[in-house]
Amino acid sequence: MRFILIVFIGLLSGLVQAQQLEITPLTTNFYVYTTKKVMDDEVVPSNSMYLVTNEGVVLFDTPWDSTQLQPLLDTIMARHNKKVVMSISTHYHADRTEGLTYLASKGIKTYSYLKTYELGKLKDEELAEHIIYSDTTFKIGNYTFETFYPGAGHTPDNIVVWFPLQKVLYGGCFVKSTKTPSIGYIGDASMSSWKRSVKKVEKKYKHPEYIIPGHYSWESTKSLKYTKKLIRKYNRSNKL
Ligand SMILES: [Zn+2]
C-alpha cells in the first residue's frame, strides 16, 4: 500500500510539476498565466494576467504557487525583454497576494485597495506596499485601465479591472468560469450582495470581449451571467 501511495504521489507531483506555470496569450500584449495548488486532493488552477506595455510589464494578481514567482519574472524577461514594474492584487486571498513581499523586494510596485490591505493584515496574508484609495484610471505606457470596486461578492474587498480599448474584463475570483460547476469557496463571501455587485459590473462594462475568471476556463463571455446563476442556485438551495 505504501509503495502504491508513493508511486501515486510521485505521479501526481510529476503531473503538477509538468505544468506548474502556464502562460496563454489572450490578445495583443495580454497574457493569462496560470499556476496550480493541490486542494483536498484536487489540482486547482488559478488564473492571473500580465500586460506588456512600453514602460514595462504589469501583473494582475500573483502566482498562487509562489515557487513560480521567479520563473514567471524570468520568463517575462526572456520573452518580452521587459521588467515587471507593477502588480495589482484584486482581493486579499493568497491566490491573489502570495509573493507580494518578494515582488516588492525586486523593486516592483505592488498595489491593492485599502480594504484588501486591511483584510490581508487581519488574516495574515501578504500585503501590497501601495494603496489604491478609490476607483482609479491607470495609464501605464501605451495602455489605460481602470480598477473598480463593485461591492462585496467572493470577498468584501474584491475588485475588477477593465481595459476599455481592448474590452478585457479581468474579473478575478469575483467572476466564476462557466466551466465551474459550483460557487466554490465562499467562506468570506457575501451571498446577499454578490449578485447586485455583478449587475453593477454588467451595467458599467458593456460587451466585454474577454472575461477572465479567477479559476478555470475563460473561453466564454457569459461568465458574469453564469456567476449570477450560481449565486441564485446557492441562495435558493440555502433559503437565503
Ligand atoms: Zn480565488
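As the structure lists them, so they are numbered: ligands from 1, and atoms in each ligand from 1. Basis for what follows: all heavy atoms, side chains included, without hydrogens, waters or symmetry-related copies.
Around the Zn ion (ligand 1), the angle linking Cys173 (SG) with His215 (NE2) is 100°, rounded to 10 degrees.
Closest to the Zn ion (ligand 1) among the N, O or S atoms of Asp95 is OD2.
Checked by atom type, the side-chain pair Tyr102/Gln70 shows a donor-acceptor distance below 3.5 Å. Between Asp157 and Thr116, the side chains place a donor N or O and an acceptor N or O closer than 3.5 Å (distance only, hydrogens not considered).
With Tyr226 as the aromatic partner, Lys176 does not meet the cation-pi criteria of under 6.0 angstrom to the ring centre and within 45 degrees of the ring axis.
Coordination check, His91 versus the Zn ion (ligand 1): failed, since every N/O/S atom of the residue sits at 2.8 Å or beyond.
Glu126 pairs with exactly one of Leu103, Thr62, Thr101, Thr110 by the side-chain contact (heavy atoms from CB on, under 4.5 Å) rule, that one being Thr101.
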